[in-house]
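Single-structure report; data block below.
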Amino acid sequence: MSASDIDYLLALWSATLAPHGGAPPFPNHRGLYQVIDESSVGDVGQWDSFTVSYHGVPETGPCPSWMLAEHTIWFRDPVALVRSLIANPNFNGEFDYVPYHEYDDANQHRFSDFMSGDWAWRQADEIAHDLTTHGSFFVPLILASDKTTVSVATGNNEYWPVYLSLGNIHNNVRRAHRNGIVVLGFLAVAKAEQQFSEDSDFCHFRRQLFHTSLAQILLPLRDWMSTPRIVRCSDGKFRRAILGLGPYIADYPEQCLLSSVVQGWCPKCLSPPEDLGSNEITPRTKDHTVFVAENYDLSPAWDNFGVIGDIVPFTESFPRADIHELLSPDLLHQLIKGTFKDHLVTWIGEYLELSNSKQEAKKIVSQIDRRIAIVPPFSGLRRFRQGRGFKQWTGDDSKALMKVYLPAIEGYVPDDMVCTLRAFLDFCYLARRNVLDSESLSQLREALHLFRHHRTVFETTGVRSEGHIPPRQHSMEHYPKAIRDFAALNGLCSSISESKHIKAIKEPWRRSNRYNALGQMLATNQRIDKLAAARVHFNDSGMLEGNIVDALMSDSSASEDDLVGPTFDFSVGKTSSVSDIARPHHLHTLITEFLEQQELLTPIPNSFEPLIAIYPSARATFYAPSDICGVGGMRREFIRASSTWRKGVGRFDTVFIKLDNQERGMRDLGVARLQLLFSFRFLNTIYPCALINDFHVVGDQPDRNTGMWKVKRAVNHRNRRPILRVIHLASIIRAAHLIPVFKDTSPVADDETPDTTLDTRRRGLFYVNKYIDHHAFEIAF
């Protein structure tokens, strides 16, 4: 909130208190800031800084400005930050003190939070062998850095934040930004005039500036990595802790910078750029990099091994640290933005241009866009109403396109390209799971094998040269081992740091007056952290339990336990006699058939005609920890059956129905479209129900190319009307998403819209879209 908004609210508060002779606790925003700054809760010390400059300026001749510049690096006390994270009571119950291996009833090794991985287990073994550290609990430091620009239009507004988290904190906490990741410092962004930007001296200085800055920021933690210290923990107990450098989250350019590897090479293995398509992997190690740097000149080390030999990496200052091992896979930049958007989607576009005239290729791309534009609506699904021709793609745009792109290209590209995309999507959705086990890893390797096999179609069609695979796509080869080492990778994704940019960089910058903005941003970050820490402290002290409304309504006799039936988003919109709506739906007969299936002891009277309560929507709650979810991994979504939606045509969603036939995946699921959500009372029992039109599964296997099941609307073959039935609302698992099966390359009608697709194609086939979210992928296989 801006200072002017704070002053305005305080003025309103003061006006309400003035008649009673009172005044707000703060006269203006400065008074509020002063109280926050003086608070000791969450205080980890003031921001500190040091300056780095180039040494070796020539005594005579012209001197580039970058050699004379002084670069200021700002940071906070890392010791105080680590102690604050360990002691945060908000993490109690979601903080692992020891590494562990988890197995399910089928003896499947499960990988979930970071401490369930093999790397933390190996580190703990190494620490236990040292008598000075034996008995201490291991605290892996997770670092992340990501250069960002707050305003392209106003010029030099780049910032390079470094974030800190702990591997002990559960992934869901780190992903939810519950102060599980904090700003550690701001690195300097070295710049030179255009004529010197590729100068070897400047490039060397820029790289070494990065490593020297990181080493200096983390230096206060070095002794703690060898000698345990006693710390207060989130559960209030005191323990001996030993630190260690853990995974580093960065995109590909920063991974190369961190590992002193030439861009174009892999920072994790020794595969040369021209052979990144091979699955023969020789891992890079710290010892190998040191050997190359010490025994080869700079040029041979660069050309033959991809090693930049004149850089002293920051990890040299710390024990048990091999940067090649610590580089974390990056789901966002390597898979979603990289392999999918920048590679596969681009390559498919290039294929269309190679195999068709330029004008015809544009027509095909337009038709693919039309197919994407008419997919039925789904909660949270981003729309591409005007196609995909916008310049600034975000990670969310790429994620949204992944959900609907596969069926849209079918028929326009060879089957092998469809299979390539399908194998990639399977790999990506498996890699992004919240929990993986031995079976999931086997499926991941199988998807990777199929991806390697089918992507050769881009070579045979002339789109790509043989064996030339971009480094970000090659990184998929390292994912199976990375999951075993670091467990579920969704807790180590750069999307976490990019999301943190909003609160730590972009919003504080907007609040600043743009003049020397960094100092104002540092103060804002410190105040935000103090307020967050104060909230945790107040909550832990029982000061934030309940609210004023609860206190005023404390005598209410109603409780959630007294509610019967489903939880709807709002109260009954209409109550009708069943005869009012029975004609189009034969609802009376269907309700009677439903009651007969309930095996009631009391017969149904012939005169039975209940009043029904009609609802426009209901809420489905289910366990989906791999998706954006609430506390405990529970996700809530609306399913709708409304005759009007947003002042337009009606919206009648499709849903998954549990069949209870002891099968797995789609063999134990039904798909239906809602026609009506209602409830009625019979013998003092309320029955929440849904009137549905089933979709029958076509075939006994998923589609060979897309991997998705096909379904077709159930109709009466005599009159071609949909077959309807009434089911209990508890039979519905959640919403389903259907996408038309486009049989040929005929164009999509101009008047077809997302709201009408299910109706205009009511006699056609549909794919059950398992890629709409992670939960659907896990159940609709």
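Count residues from 1 along the sequence. Since the model is a prediction, treat every value here as computed from it, not as a measurement.
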Ion pair check, [X] and [Y], cut-off under 4.0 Å:
| X | Y | answer |
| --- | --- | --- |
| Asp104 | Arg110 | no |
| Arg382 | Asp397 | yes |
| Asp485 | Lys481 | yes |

If you round to the nearest 0.5 Å, how far is [atom2] of [Y] from [atom1] of [X]?
| X | Y | atom1 | atom2 | value |
| --- | --- | --- | --- | --- |
| Phe378 | Leu738 | CZ | CG | 10.0 Å |
| Ile772 | Ile739 | CD1 | CD1 | 6.5 Å |
| Leu85 | Asn90 | CG | CG | 11.5 Å |
| Asp653 | Glu637 | CG | CD | 8.5 Å |
| Arg484 | Leu441 | CZ | CG | 6.5 Å |
| Asp426 | Leu450 | CG | CG | 8.5 Å |

N/O donor-acceptor pair under 3.5 Å between [X] side chain and [Y] backbone:
| X | Y | value |
| --- | --- | --- |
| Asp235 | Asn92 | no |
| Arg174 | Leu166 | yes |
| Arg284 | Cys266 | yes |
| His454 | Thr420 | no |
| Ser398 | Lys341 | no |
| Glu410 | Phe742 | no |
| Arg452 | Gly277 | no |
| Thr456 | Glu459 | no |
| Ser260 | Cys256 | no |
| His474 | Asp275 | no |

Side chain proximity check, [X] to [Y], heavy atoms < 4.5 angstrom:
| X | Y | answer |
| --- | --- | --- |
| Asn705 | Cys419 | yes |
| Leu164 | Val82 | yes |
| Trp709 | Asn769 | no |
| Trp121 | Ser116 | no |
| Lys286 | Thr315 | no |
| Tyr351 | Ile348 | no |

Side chains of [X] and [Y]: is there a donor and an acceptor less than 3.5 Å apart?
| X | Y | value |
| --- | --- | --- |
| Ser475 | Gln334 | yes |
| Thr706 | Arg422 | no |
| Tyr767 | His737 | no |
| His170 | Asp96 | yes |
| Arg175 | Asn434 | yes |
| Ser626 | Tyr429 | no |

- Task: Output, in order, the C-alpha distance, side-chain angles, deciding distance and verdict of side chain to side chain contact (heavy atoms under 4.5 Å, CB included) for Ile496 and Lys500.
- Result: CA-CA 6 Å; Ile496 298 175; Lys500 188 70 175 178; 5.8 Å; no
- Item | Phe95 and Tyr97 aromatic ring geometry - parallel, tilted or perpendicular at 30°/60° bounds | tilted
- Query: Would the number of heavy atoms belonging to other residues, nucleotides or ligands and lying under 6.0 Å from CD of Glu663 be above 12?
  - Reply: yes
- Return yes when atom CD of Gln662 has more than 12 non-hydrogen atoms of other residues, nucleotides or ligands closer than 6.0 Å, and no otherwise. no
- Verify whether the ring centers belonging to Tyr405 and Tyr771 lie closer than 6.0 Å. no
- Tell me, with the steps shown, if Asp118 and His101 meet side chain to side chain donor-acceptor pair (under 3.5 Å). CA-CA 8 Å; Asp118 291 343; His101 282 174; 3.0 Å; yes
- Query: Would Val671 and Ile657 count as a side chain to side chain contact (heavy atoms under 4.5 Å, CB included) if you check the C-alpha gap in whole Å, the side-chain angles of each, and the deciding distance to 0.1 Å?
  - Reply: CA-CA 6 Å; Val671 177; Ile657 299 172; over 6 Å; no
- side-chain contact (heavy atoms from CB on, under 4.5 Å) partner of Asp330, the single match among Ser495, Ser497, Ser494: Ser494
- Member of Phe486, Phe451, Phe427 meeting the ring-ring contact (aromatic ring centres under 6.0 Å, His included) criterion with Tyr479: Phe427
- Task: Go through Lys399 and Phe340 one step at a time and tell me if the side chain to side chain contact (heavy atoms under 4.5 Å, CB included) criterion holds.
- Result: CA-CA 9 Å; Lys399 291 175 186 176; Phe340 175 68; over 6 Å; no
- Query: Closest heavy-atom contact between Ala431 and Leu331?
  - Reply: CB-CD2, 4.0 Å
- Query: Which pair of heavy atoms, one from Trp265 and one from Pro471, lies closest together, and at what distance?
  - Reply: O-CB, 4.4 Å
- Task: Could you please spell out the steps behind the side chain to side chain contact (heavy atoms under 4.5 Å, CB included) verdict for Phe458 and Leu344?
- Result: CA-CA 9 Å; Phe458 292 104; Leu344 296 179; 4.1 Å; yes
- Task: Would you check, one step at a time, whether the test ring-ring contact (aromatic ring centres under 6.0 Å, His included) holds for His109 with Phe111?
- Result: CA-CA 7 Å; His109 192 172; Phe111 302 91; 4.1 Å; yes
- Message: Does Tyr252 form a ring-ring contact (aromatic ring centres under 6.0 Å, His included) with His333? I'd like the steps, not just the answer.
- Response: CA-CA 8 Å; Tyr252 174 71; His333 291 95; over 10 Å; no
- Under the criterion salt bridge (Lys or Arg N to Asp or Glu O under 4.0 Å), which of Lys403, Arg734, Arg432, Arg433 is the partner of Asp773? Arg734
